[in-house]
Amino acid sequence: MESQVIQKNHQEIVSKPERISGSEAVVRCLLAEGVDVLYGYPGGAIMPVYDELYKYQKQIHHVLVRHEQGATHAAQGYARISGKVGVAIVTSGPGATNLITGIADAQIDSTPLVCITGQVGSHLLGSDAFQETDIVGISTPVTKWNHQITKASEIPEVMAKAFYIAKSGRPGPVLIDITKDAQFEEFDFEYKKCLGIRSYTPTPKSDNSSIEKAAKIINKAQKPLIVWGQGVILGQAEEEFTAVIEKAGIPSAWTILGASAIPSSHPLNVGMVGMHGNYAPNKLTNECDVLIAIGMRFDDRVTGNLATYAKQAKIIHFEIDPAEVNKNVKADVAVLGDAKETLSKLLVLLNSNSHPKWHQQFKDLYQIEYDAIIKNDLYPTKDGLTMGEVLKEINVQSKGNAAIVSDVGQHQMIACRYANFNKSKSNITSGGLGTMGFALPAAIGAKMAAPNREVVAVIGDGGYQMTIQELGTIFQTQVPVKIVVLNNNFLGMVRQWQQLFFDKRYASTEMTNPNFVQIAEGYSIKAKQVNKREDLASSVREMMAHDGPYFLEVCVEKEANVFPMIPTGASVSEIRLS
């Protein structure tokens, strides 16, 4: 088909009119948006689209997952490491509802997804037909936008809007539900990329006066602290962010989704804030005189008790989403806009500074944390293997260049604390929703999006079994992802809370696990178990060198805890070292 590109109003015309079916139109729309891989599971209500995907399989690689939730997580991993829109496609009813967890995860973590669901024929809507669910109603609270298509002629415009909305401004998931008759119906197809929507302003215009106010406050600060989040990465503002912190000499801490925006080794990187973050940035949040939040939303895991959070400090909030400003923490100065633009403007107004005495406070508190916790996590003297030394060995073998995809639990906090990141988009995890089962399918998507990067999934024995069926996807696609399961035979994070706050009543948290190595080998994945320290380094080295997927089970201490820790409802100043 001869294509043409003409820009007009808020549309970019990328195809001439041609009479085709709605199902083919869906595929043509995906091609026009540059989609080369999507994750899904076929079924009756989406079968016409799958029939067209069969015809276009040289242009679009469809990955057959083993559960629809795996499709959304794989699409998330693809999106998070590539910066592109991830795409998932499934059938109606249970196929559609199985997407919801992944969609909710993408919504709270600002991940751009387009999810396409099949639906019963339009004449059956509302009749409780076989495999009919109101997926538009169900998904409304957890999507950035959704829409049901009942006429084939709606497909091009709605699909164009879906991709535009998903990736513009603060990204997020979009769901498009297409009735089966709309997939069969023919119409004159013409695709026009969406370049804007009336009344939708994805990126607020930056206000120079607010940037000037922020600069004046920062320039006068004696103890400034930056906390940055994923907004720096989503805004592709890593370079501008680095220039700002280096010019102003400001110690900078990160939320878990902000990790890797600057290298772990950067001298101004003072570690992670939050419940299991580093001692210094948490304690000194309540001693800084200016707190500059960049692309983060003051999540409760970061702030602890809001009544005592940074009350002594002036708050400057750089944010693309106006709804996040003053939602949890009142800002003295709010700087709306895209981080790349606003940080560039801020840079020219900042004075050069270094704050040596302030930095020394961070170094002193780091030493306290190192002696009490880090040394024992990374260089243990007792017999049992620690999660920290496994991450240390992954750092050694990957030289800090691997993308770490972690699940949710103790191992996630250990991975975030101890993984070395040299490149942006290297820490892929479920942040806001805390979805167990995220890592295995997300690692598949991440590796497919970045085939030249080493991708290591770090998973607990509990979360691993929630999506263990995706080993079948790895078996079929042979995607060479490395899987490390840190097995303590517990739901470790819940057990830790039970130990500390419920008098060691380990209610339903101890796990009787299967032979994970045999299961992996059943999928023809090379596998090994490690339970001795002397075997760890060689086993990680073997895994990283292996040409293909690899499963490594590391049996770690059963009842080890992750510290530091801010108890629920406590102040960040009350962070515990034990």
Would you find more than 12 non-hydrogen atoms of other residues, nucleotides or ligands less than 6.0 Å from [X] atom [atom1]?
X	atom1	result
Lys340	NZ	yes
Gln312	CD	yes
Tyr200	OH	yes
Gln222	CD	no

Between [atom1] of [X] and [atom2] of [Y], what distance do you get to the nearest 0.5 Å?
X	Y	atom1	atom2	value
Thr509	Leu491	OG1	CG	6.0 Å
Gln107	Leu433	CD	CG	10.5 Å
His73	Thr467	NE2	OG1	7.0 Å
Leu113	Ile103	CG	CD1	7.5 Å
Gln69	Leu99	CD	CG	9.5 Å
Asn488	Met493	CG	CE	10.5 Å

Heavy atoms only: give me the nearest [X]-[Y] pair and the separation to one decimal.
X	Y	answer
Asn401	Lys423	OD1-CE, 4.2 Å
Ile217	Lys314	CG2-CD, 3.9 Å
Ile483	Tyr464	CG2-CE1, 4.1 Å
Thr72	Cys115	CG2-SG, 4.1 Å
Ile233	Gly258	CD1-O, 3.8 Å
Pro281	Val273	CB-CG1, 3.8 Å

Students often mix this up, so state it plainly: with edges at 30° and 60°, are the rings of Trp497 and Phe501 parallel, tilted or perpendicular?
perpendicular

Give the ring-plane orientation class for Trp358 versus Phe362, where under 30° counts as parallel, over 60° as perpendicular and anything between as tilted.
perpendicular

So, [X] and [Y]: side-chain donor and acceptor under 3.5 Å apart, yes or no?
X	Y	result
Ser398	Glu454	no
Asp371	Gln367	yes
Asp105	Ser430	yes
Asn286	Ser571	yes
Asp207	Ser209	yes

Given the rule in the side chain to side chain contact (heavy atoms under 4.5 Å, CB included) test, do His147 and Val136 qualify, once you have shown the distances and angles that lead to the verdict?
CA-CA 7 Å; His147 188 88; Val136 170; over 6 Å; no

Within the side chain of [X], is there an N or O that forms a donor-acceptor pair under 3.5 Å with the backbone of [Y]?
X	Y	answer
Asn219	Asn351	yes
Asn328	Phe298	yes
Lys213	Val333	no
Ser252	Ile226	no
Glu470	His67	yes
Asn395	Asn420	yes
Asp332	Ile315	yes
Asp109	Thr111	no
Asn353	Gly249	no
Asn278	Ala280	no

Tell me, please, which residues at least two apart from Glu324 pass salt bridge (Lys or Arg N to Asp or Glu O under 4.0 Å).
Arg170, Lys327

When you check the gap from the basic side-chain N to the acidic O, do Lys345 and Glu341 get nearer than 4.0 Å?
yes

Validation row: [X], [Y] side chains within 4.5 angstrom (heavy atoms):
X	Y	answer
Glu33	Val114	no
Trp145	Val158	yes
Glu239	Ser424	no
Thr255	Gln230	no
Gln496	Val562	yes
Phe421	Ile404	yes
Gln410	His276	no
Trp228	Ile262	yes

Could you go through the side chain to side chain contact (heavy atoms under 4.5 Å, CB included) check for Phe438 and Asp407 one step at a time?
CA-CA 6 Å; Phe438 170 88; Asp407 212 80; 4.2 Å; yes

Tyr418 and Ile374: side chain to side chain contact (heavy atoms under 4.5 Å, CB included), yes or no, with the steps?
CA-CA 9 Å; Tyr418 295 126; Ile374 297 173; 3.7 Å; yes

Residue pair Lys283, Glu369: steps toward the salt bridge (Lys or Arg N to Asp or Glu O under 4.0 Å) verdict:
CA-CA 11 Å; Lys283 288 281 284 188; Glu369 181 183 354; over 6 Å; no

Checking side chain to side chain donor-acceptor pair (under 3.5 Å) between Thr117 and each of Thr97, Asn146, Asp177, which is the one that passes?
Asp177

Under the criterion side chain to side chain contact (heavy atoms under 4.5 Å, CB included), I'd like the reasoning laid out for Phe318 against Val244: C-alpha separation, chi angles, the key distance, then a yes or no.
CA-CA 13 Å; Phe318 286 77; Val244 163; over 6 Å; no

